[in-house]
There are 2 protein chains.
Amino acid sequence: MKTTAQLFKALSEPIRLRILALLTSGERCVCDLMAALNLPQSTISRHLSFLRNGGLVTGRRGGQWMYYQLSIDDNPLSQQITRWLRDELVALPQSQEDQQALTAYLATKDKKACGRKAPGHQ
Amino acid sequence: MKTTAQLFKALSEPIRLRILALLTSGERCVCDLMAALNLPQSTISRHLSFLRNGGLVTGRRGGQWMYYQLSIDDNPLSQQITRWLRDELVALPQSQEDQQALTAYLATKDKKACGRKAPGHQ
DNA sequence: TGACCATATCTGCTTATGCGGATATAGATA
DNA sequence: TATCTATATCCGCATAAGCAGATATGGTCA
């Protein structure tokens, strides 16, 4: 019961929903999310840690980067939620704007390496 | 997006989940919920008001009593949640204990009228 | 009307969570 | 090793939300 409440709490914040919507299109690193949502790094990381605790995303380290993706869980609630993320959440106007911003950013990324001067990564 | 977050927030608290589980078996008044959950009236009412704001329950007045029931909404998320409440949430051990406490209380209710001395209602 | 009951809301307090800048850590590279 | 990048966590602060007792409101019934 408490675990379930925690899962819903992870979903109860607009920025976290926006992050989840972005992750439906694939694994992303923190800097991608910063760029797409135009929010400070500490804000993104804090929300990601909340999502991790709620079991909604998992991260893997790849070099200096942390890549996050939607976590696939086998309980019915997680599966219903995942379906909802992919079918409904992504259709909201805000999600689509964010996805466009992400796409635009990714298009220039190899020149910028997360907005700075190093070579691109993936 | 904000509305959606608000809906999840309503689901993000154990006591509220317990209330929702109890309401799957039908309309209940505040005093039924107080008795089943063994919590003070102000606590129950506060959570009900949160659930009302999240669009998860509706209340109707019947005499001195307020009867709450799960609200039937037509958007996909609400429907998925309603299905989850009925299929999964009610199966948790805590939900079943609460339901038993409610049933036991209802069996003696006509003698007690919400735990006091007036005649029973329904 | 007056007493009583059920419920909502207020109050004062505590804890959880949000924020963004600052700092700490880990990997990459020179 | 020194330095740079990416990310996590810490900090101080502000707001939201939890709690339970107290009070206000609205209905019932004598």
Side-chain angles (χ1 to χ4, degrees), chain A residues 2 5-6 8-19 27-54 57-68 105 109-122, chain B residues 2 5-6 8-19 27-54 57-68 105 109-122:
Chain A
K2 241 188 133 189
Q6 189 63 28
F8 284 123
K9 188 162 296 187
L11 292 164
S12 71
E13 221 280 339
I15 292 174
R16 290 199 285 270
L17 292 176
R18 293 170 71 192
I19 291 175
E27 183 177 71
R28 303 292 170 206
C29 69
V30 177
C31 53
D32 293 342
L33 300 171
M34 289 172 60
L37 302 180
N38 194 29
L39 287 169
Q41 179 261 320
S42 64
T43 295
I44 303 287
S45 280
R46 178 164 31 80
H47 285 301
L48 282 169
S49 113
F50 216 116
L51 289 169
R52 235 187 296 123
N53 289 341
V57 305
T58 54
R60 70 171 177 92
R61 178 169 287 279
Q64 323 170 239
W65 297 278
M66 282 292 297
Y67 293 95
Y68 286 92
Y105 167 75
K109 183 167 162 180
D110 58 350
K111 306 183 198 126
K112 302 205 293 178
C114 288
R116 311 286 177 85
K117 41 187 143 64
H121 63 282
Q122 67 129 343
Chain B
K2 238 186 138 192
Q6 189 62 27
F8 284 123
K9 187 161 296 186
L11 293 163
S12 71
E13 221 280 339
I15 293 174
R16 289 198 286 269
L17 292 177
R18 293 170 70 193
I19 291 175
E27 181 177 73
R28 304 291 170 206
C29 70
V30 176
C31 52
D32 294 341
L33 300 172
M34 288 171 60
L37 302 181
N38 193 28
L39 287 169
Q41 180 261 321
S42 64
T43 295
I44 302 288
S45 279
R46 178 166 32 80
H47 285 302
L48 282 169
S49 112
F50 216 115
L51 289 169
R52 233 187 298 124
N53 289 340
V57 306
T58 54
R60 70 170 177 92
R61 177 169 287 278
Q64 322 171 239
W65 296 278
M66 280 294 295
Y67 293 96
Y68 285 92
Y105 167 75
K109 183 166 164 181
D110 57 350
K111 305 182 198 127
K112 301 205 294 179
C114 290
R116 312 285 176 87
K117 41 189 142 70
H121 63 281
Q122 71 130 332

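A quick note: this is a predicted structure, and the numbers were derived from the prediction, not measured. Per chain, numbering begins at 1; letters A, B, ... match sequence-line order.
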Engineer: Whole angstrom is fine here: how far is it from CZ in F8(B) over to P in dA17(D)?
Structural biologist: 16 Å
Engineer: Can you see if the side chain of Y68(B) gets near the phosphate of dA8(C) - specifically, an N or O under 4.0 Å from OP1 or OP2?
Structural biologist: yes
Engineer: On DNA chain C, check which nucleotide each of R61(A) and I44(B) is closest to and give me the residue with the more 5' one.
Structural biologist: I44(B)
Engineer: Whole-Å distance between dT7(D) C1' and L33(A) CG?
Structural biologist: 12 Å
Engineer: With nearest nucleotides of DNA chain C determined for R46(B) and P40(A) from heavy-atom distances, which residue corresponds to the more 5′ nucleotide?
Structural biologist: R46(B)
Engineer: Tell me whether R52(A) contacts the main-chain N or O of G54(A) through its side chain, where contact means a donor paired with an acceptor under 3.5 Å.
Structural biologist: no
Engineer: Output the rounded distance in Å from CH2 (W65(A)) to C1' (dA26(C)).
Structural biologist: 13 Å
Engineer: Can you tell me how far P of dT17(C) sits from CD of E13(B), to the nearest Å?
Structural biologist: 11 Å
Engineer: Looking only at side-chain atoms of V30(A), point me to the closest of dT7(D), dC19(C), dC19(D).
Structural biologist: dT7(D)
Engineer: Does H47(B) put a side-chain nitrogen or oxygen below 4.0 Å from OP1 or OP2 of dC19(D)?
Structural biologist: yes
Engineer: Over how many whole Å does the gap from F50(A) atom CZ to dA8(D) atom P extend?
Structural biologist: 16 Å
Engineer: Looking only at the side chain of S45(B) (C-beta and beyond, no hydrogens), which of the listed nucleotides dA8(C), dT9(D), dG27(D) gets closest?
Structural biologist: dA8(C)
Engineer: For Y67(A) versus G62(A), what's the shortest heavy-atom pair and its separation?
Structural biologist: CE1-O, 3.8 Å
Engineer: Let me know the distance between CG of N38(B) and C1' of dA20(D), rounded to the nearest Å.
Structural biologist: 14 Å
Engineer: What is the separation between atom CD1 on I19(A) and atom P on dG18(C), rounded to the nearest whole Å?
Structural biologist: 11 Å
Engineer: Can you identify which nucleotide, out of dT7(D), dA8(C), dT9(C), has its nearest atom closest to the S42(B) side chain?
Structural biologist: dT9(C)
Engineer: Would you tell me if any nitrogen or oxygen in the side chain of T43(A) comes within less than 4.0 Å of OP1 or OP2 on dG20(C)?
Structural biologist: yes
Engineer: In whole Å, what is the span from the CZ atom of R60(A) to the P atom of dT7(D)?
Structural biologist: 12 Å
Engineer: Work out which heavy atom in H47(A) is nearest to a heavy atom in E13(A); give both atom names and the distance.
Structural biologist: CE1-OE1, 3.6 Å
Engineer: Determine the minimum heavy-atom distance between L51(B) and A10(B), stating which atoms define it.
Structural biologist: CD2-O, 3.8 Å
Engineer: Classify the nucleic acid contact of L48(A) as base, sugar-phosphate or nothing, counting any heavy atom under 4.0 Å across all strands shown.
Structural biologist: nothing
Engineer: Report yes if at least one side-chain N or O of R16(A) is closer than 4.0 Å to OP1 or OP2 of dG18(C); otherwise report no.
Structural biologist: yes
Engineer: I'd like to know if the side chain of R28(A) reaches the main chain of L33(A), judged simply by a donor and an acceptor atom lying under 3.5 Å from each other, with no hydrogens or angles considered.
Structural biologist: no
Engineer: Between the base of dA6(D) and the side chain of Q41(A), is there any donor-acceptor pair under 3.5 Å?
Structural biologist: no
